[in-house]
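Each residue takes its place number in the sequence, starting with 1. Just follow the structure's listing: the first ligand is 1, and inside any ligand the first atom is 1.
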Amino acid sequence: MTEKKRNWKPATQLVHEGTLRSGFGEMSEAMFLTQGYHYASAEQAEARFKGEEPGFIYSRYSNPTVDMFEKRMCALEGAEDARATASGMAAVAAAVLCGLKAGDHIVAARALFGSCRWVVETLAPKYGIACTIVDGRDIANWEKAVRPETKLFFLESPTNPTLEVVDVAAVARLANAAGARLVVDNVFATPLFQKPLELGAHVVVYSATKHIDGQGRCLGGVILSDKKWIEENLHDYFRHTGPSMSPFNAWVLLKGLETLPLRIRQQTESAGRIADVLADHSRVARVIYPGRADHPQAEIVRKQMSGGSTLICFDIEGGKRSAFAFQNALEIVLMSNNLGDAKSLITHPATTTHKNLTDEARAELGIGPGTVRLSVGLEDTGDLIDDIVQALDRA
Ligand SMILES: *Cc1c(COP(=O)(O)O)cnc(C)c1O
């Protein structure tokens, strides 16, 4: 089923690509909850271990349900190969660290998901891998940070939580010139609205926990790149350290992929309407939304993204007091640091996801005491607008 080259559009790929059917001809993707695999003969076991016969050996290495998820993600992303992981952070850590050794150097954008920043800034240096953190919005900062031993560039775009964007193609050109790899964390853009590999990036990572599940159930992650890079950098690491995705989670995420375009389209359309309402509200000091013409880097958004975002970042007049009052007054939108769920979620970064940063570091990232991040879900747009407006009026 997966061998033929086809020109399917994403919505078709997300329903059919990668499906492996067992002898029962089941319609829905099967959940292969098995640790090991049975060999018909000693010769077959030998051939599998030698890599002379295709097939499964052990679920830490690979599993049919996980394989379906990886193949479907490859088709969507236009990647040659993929490895699915137990969480988004397992994917980021492997994508960043597996290609490096002591003495190498990383250049990373400063606006990163908190744990991603810990991996490059705190974990990597423990093993002799240096890291320079830059304001990724200005390409000159990337260029200045490059050293002869620079081997990896790392960024996310749009960023968490202030939805800044980084010019992926420009950073990719610098990475190529420096002989380094560019790894892009594409969670906020989703695989539908931004194609880092087409923009010149070498490796793409996702937390599948977010939009790919989309219904708040399972953790998961995936790394996508060319076959050679995965073979040389990830293959042995995955076999021998075991960050593998569980088949149960792969099954849930496969079913999530079927409805991904419908959900993302609806959530983005809702987010665009809510962003406009927020921008017109007297209690809102600032709205950052990648679909609006007043986004600080609207030009780059237009150049590299084919859609807006399911997330909105905004500042409420009156600082922390008003931001707390606003959150507490919401009736439909729930407080949670997660995102990409069918349920609309609100976060106050300064006191939760970004509480460990100094006031100064937060200010650099554009996170103030009145900043909140809204992840727009699948509820009725009118109901969401009513809820947000009544909460702002009470804040
Ligand atoms: C959530 C997230 C991660 C980490 O993913 P987990 O599945 O929670 O481990 C990494 N990067 C970004 C941008 C995220 O939003």
Side-chain angles (χ1 to χ4, degrees), residues 66 69 73 77 82-97 106 108-124 133 136 152-166 168 182-194 196 201 203-224 242-246 248-250 252-253 256-257 260 264 267 271 288 290 305 309-313 336-341 343 345-347 349 352-354 356-357 365 367 373-377:
V66 177
F69 174 71
M73 282 304 304
E77 200 67 39
R83 287 288 183 280
T85 53
S87 70
M89 283 322 303
V92 170
V96 166
L97 297 173
I106 302 171
R110 69 183 181 190
L112 290 180
F113 185 77
S115 297
C116 297
R117 194 156 158 173
W118 183 86
V119 169
V120 293
E121 201 174 30
T122 306
L123 181 64
I133 301 281
L152 192 104
F153 288 59
F154 181 57
L155 65 86
E156 68 184 54
S157 181
T159 63
N160 178 36
T162 50
L163 308 175
E164 290 173 358
V165 297
V166 178
V168 177
L182 170 60
V183 178
V184 174
D185 179 337
N186 207 37
V187 166
F188 273 55
T190 81
L192 293 176
F193 290 159
Q194 181 167 278
V203 183
V204 184
V205 290
Y206 289 100
S207 164
T209 312
K210 311 296 166 53
H211 305 90
I212 292 174
D213 176 326
Q215 294 170 71
R217 299 162 295 194
C218 291
L219 297 186
V222 61
I223 308 170
L224 300 119
S244 20
M245 176 180 278
S246 89
F248 178 82
N249 287 7
V252 172
L253 296 168
L257 284 177
L260 184 74
I264 299 299
Q267 287 168 256
I288 310 173
M305 294 180 70
S309 178
T310 65
L311 292 126
I312 309 167
C313 178
S336 172
N337 45 288
N338 200 9
L339 62 99
D341 198 323
K343 297 178 171 61
L345 306 175
I346 192 93
T347 312
T352 61
T353 54
H354 291 69
N356 291 336
L357 296 181
L365 296 177
I367 303 168
R373 184 195 75 194
L374 174 66
S375 170
V376 177

ring-ring contact (aromatic ring centres under 6.0 Å, His included) filter on F153, not counting sequence neighbours, yields W142
Filter the ligand 1-protein atom pairs down to N or O on both sides and distance under 3.5 Å, then list them.
unit_1   : atom_1 : unit_2 : atom_2 : d
ligand 1 : 5 (O)  : S207   : OG     : 3.0
ligand 1 : 7 (O)  : G88    : N      : 2.8
ligand 1 : 7 (O)  : S207   : OG     : 2.8
ligand 1 : 7 (O)  : T209   : OG1    : 2.5
ligand 1 : 9 (O)  : G88    : N      : 3.1
ligand 1 : 9 (O)  : M89    : N      : 2.9
ligand 1 : 11 (N) : D185   : OD2    : 2.7
ligand 1 : 15 (O) : K210   : NZ     : 2.7

Taking Y206 as the fixed residue, which of V184, N186, T85, I223 is the one that meets the side chain to side chain contact (heavy atoms under 4.5 Å, CB included) rule?
-> N186
Sequence neighbours excluded, the answer for side chain to side chain contact (heavy atoms under 4.5 Å, CB included) partners of E164 is A111, R137, T159, T162, Q297
For D213, salt bridge (charged side-chain N to carboxylate O under 4.0 Å, His left out) partners two or more places apart | R217
If you take all heavy atoms of L97 and A124, which pair is closest and at what distance?
-> CD2-CB, 3.9 Å
Which of these, V222, I212, L219, sits in a side chain to side chain contact (heavy atoms under 4.5 Å, CB included) with L253?
-> I212
